[in-house]
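Encoded as structure tokens, the structure appears first; notes follow it.
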Amino acid sequence: MGSSVVLATAGYDHTIRFWEATSGICYRTLQFADSQVNKLEITADKTLIAAAGNPHVRLYSINSANPQPVTSFDQHTGNVTAVGFQKDGKWMYTGSEDGTIRIWDLRAPGCQREYESRAAVNTVALHPHQGELISGDQHGNIRVWDLTANACSCELVPELNVGVRSLSVAGDGSLMVAANSSGTCYVWRALRHGSHATHFEPLHKLKAHSSYILKCTISPDVRQLATAAADKTVKLWNLDGFVLDRALTGHGRWVWDAAFSVDAAYLVTASTDCTARLWDLSTGEAIRIYSGHHKGVVTCALNDSAADAREPEAPPGAE
């Protein structure tokens, strides 16, 4: 992992920490005074990081020494559980336990659009074609929001009243995975016909963990699925047949988040054991432990897109 890596973690201690990925040294700490930080996301150009709290979202400059946020987004009324950026950094999306998904214009800050999920939103993913947002909520509903039509184009309910905790769309748009509170992953083949909305065809049901899955993410090369869970493990599943490639063990508490490196050779994980870890996926070993938070770590963000990418044209990971 090269020198232009941006790696950040946050959680219940009201701080955001930036790490040198290879040495494990924390070189910068930001205070997030209002609340815990639920989610972090880094812009594609590595200039900004969004921190989602309760109920505020703050945007910080990555390359300046200014500890204050450059922008604050304050219209949610509950925990903000999802945050992400359009690929060119023109807009940001958020999801919240207040039941809404919002789109924010970063060039003239303000809420552009609001979609009602009618239940606490746990996860939101942006389709790689940038035209659809997909949300998962506490009642078990997955909704596809067509940004061109400005409407819900599709609803999926894999298990009624079993909360959808995490969604991931493959970087090539071919698959979508939803992970729920009962430890199950549902996989759909995503089909697109011309300019029409994506059609989701059920492909597989995977009993991945015995308890809560908190994060699922498809690798940038679309070969593996990582699932992080309350059973303290992260599991890597081969997307060709959905067999278990390897389990990563070592965290002492729930594993809340996971992010692949752009070459899919490494995985960063965040846990309420107060640490984040860097795993070498060829061996399954944790080669670095990031220690410094004094309460649980529930989110990690990684952008190493210009560093050591074996295929520079590889699609970004679907976070």
Side-chain angles (χ1 to χ4, degrees), residues 34-39 41 50-57 73-86 91-105 110-127 129-169 175-188 190 196-202 205 211-217 230 256-257 298-299 318-319:
D34 309 279
S35 71
Q36 81 280 358
V37 178
N38 302 312
K39 285 291 174 188
E41 186 73 18
N54 183 10
H56 307 287
V57 181
F73 303 87
D74 305 319
Q75 286 174 256
H76 280 298
T77 58
N79 254 323
V80 182
T81 52
V83 63
F85 294 100
Q86 185 261 357
W91 46 268
M92 178 179 79
Y93 62 87
T94 54
S96 168
E97 289 178 356
D98 66 13
T100 67
I101 300 100
R102 291 174 183 261
I103 293 177
W104 313 82
D105 191 332
C111 182
Q112 272 189 307
R113 298 187 193 178
E114 178 183 332
Y115 300 114
E116 289 280 350
S117 188
R118 302 190 297 278
V121 175
N122 294 326
T123 177
V124 183
L126 175 62
H127 193 289
H129 64 47
Q130 312 292 298
E132 290 169 315
L133 281 175
I134 305 162
S135 64
D137 70 28
Q138 194 59 23
H139 289 174
N141 303 299
I142 298 167
R143 292 191 174 89
V144 182
W145 307 93
D146 184 325
L147 303 183
T148 305
N150 202 23
C152 179
S153 61
C154 173
E155 290 193 24
L156 305 165
V157 189
E159 280 184 67
L160 192 63
N161 293 322
V162 180
V164 176
R165 299 293 315 180
S166 183
L167 288 166
S168 182
V169 182
L175 296 173
M176 180 176 75
V177 179
N180 72 15
S181 298
S182 68
T184 305
C185 284
Y186 289 86
V187 187
W188 290 266
H196 299 297
T198 305
H199 172 69
F200 294 95
E201 187 178 275
K205 178 181 176 181
S211 58
Y212 258 84
I213 300 175
L214 298 155
K215 176 76 174 188
C216 67
T217 181
W256 283 81
D257 205 0
V298 296
T299 180
E319 285 292 343

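Residues Gln36 and Val298 are not in side-chain contact: their nearest non-hydrogen atoms beyond the backbone lie 4.5 Å or more apart. Annotation: side chain of Trp145 is in contact with side chain of Ser135 (closest heavy-atom distance under 4.5 Å). Counting heavy atoms from C-beta on, the side chains of Pro55 and Thr77 never come closer than 4.5 Å. Looking at heavy atoms from C-beta onward, Leu147 lies in side-chain contact with Arg113 at the 4.5 angstrom threshold. Using a 4.5 Å heavy-atom threshold, the side chains of Ile103 and Leu133 count as touching.
Applying side-chain contact (heavy atoms from CB on, under 4.5 Å) to Leu156 and the options Ile134, Ile142, Asn141 leaves one that passes, Ile142.
Side-chain atoms of His76 never come within 3.5 Å of backbone atoms of Gly78 as a donor-acceptor pair (strictly under, hydrogens ignored). At least one donor-acceptor pair closer than 3.5 Å links the side chain of Thr123 to the backbone N or O of Leu167. A donor-acceptor contact shorter than 3.5 Å is absent between the side chain of Ser166 and the backbone of Ala179. Side chain of Asp257 to backbone of Thr299: no donor-acceptor contact under 3.5 angstrom is found. Judged by distance alone, the side chain of Asn122 and the main-chain N or O of Val164 form a donor-acceptor pair under 3.5 Å. Put simply, the side chain of Thr94 never gets that close to the backbone of Val83: no donor and acceptor are under 3.5 Å apart.
Of all heavy-atom pairs spanning Trp256 and Lys215, the tightest one is O-CB, 3.6 Å. The two residues Gly53 and Asn38 come nearest to each other via the heavy atoms O-ND2, 3.3 Å. Here the shortest heavy-atom pairing between Glu132 and Ser153 reads OE2-OG, 4.1 Å. Between His56 and Val80, the closest heavy-atom pair is O-CG2, 4.5 Å. Nearest heavy atom pair, residue Ala230 against residue Ser211, reads CB-OG, 3.7 Å. Across all their heavy atoms, Ala190 and Thr198 have their closest contact at CB-CG2, 3.7 Å.
Using modelled atom types and a 3.5 Å distance limit, the side chains of His127 and Gln130 yield no donor-acceptor pair. Looking only at atom types and distance, the side chain of Glu159 has a donor-acceptor partner in the side chain of Tyr186 under 3.5 Å away. Between the side chains of Asn161 and His139, no donor-acceptor pair is found at a separation under 3.5 Å. Donor-acceptor pairing under 3.5 Å is lacking for the side chains of Thr81 and Asn79. Residues Asn180 and Tyr212 bring no donor and acceptor atom of their side chains to less than 3.5 Å of each other.
Ring pair Trp188/Phe200 is perpendicular by interplanar angle, where above 60° counts as perpendicular and below 30° as parallel.
For the atom pair Leu175 CG and Ser168 OG, the distance stands at 9.5 Å (nearest 0.5 Å). Here SG of Cys216 is found 9.5 Å from CE of Met176. Values are rounded to the nearest 0.5 Å.
Screening residues 133-143 for salt bridge (charged side-chain N to carboxylate O under 4.0 Å, His left out) gives Asp137-Arg143, Arg143-Glu155 as the qualifying pairs, with residues at least two apart or on separate chains.
Remark: Arg102 pairs with Glu114 by the salt bridge (Lys or Arg N to Asp or Glu O under 4.0 Å) rule, at least two apart or across chains.
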Run Asn150 and Tyr115 through side-chain contact (heavy atoms from CB on, under 4.5 Å) and show every step you take. CA-CA 9 Å; Asn150 202 23; Tyr115 300 114; 2.5 Å; yes
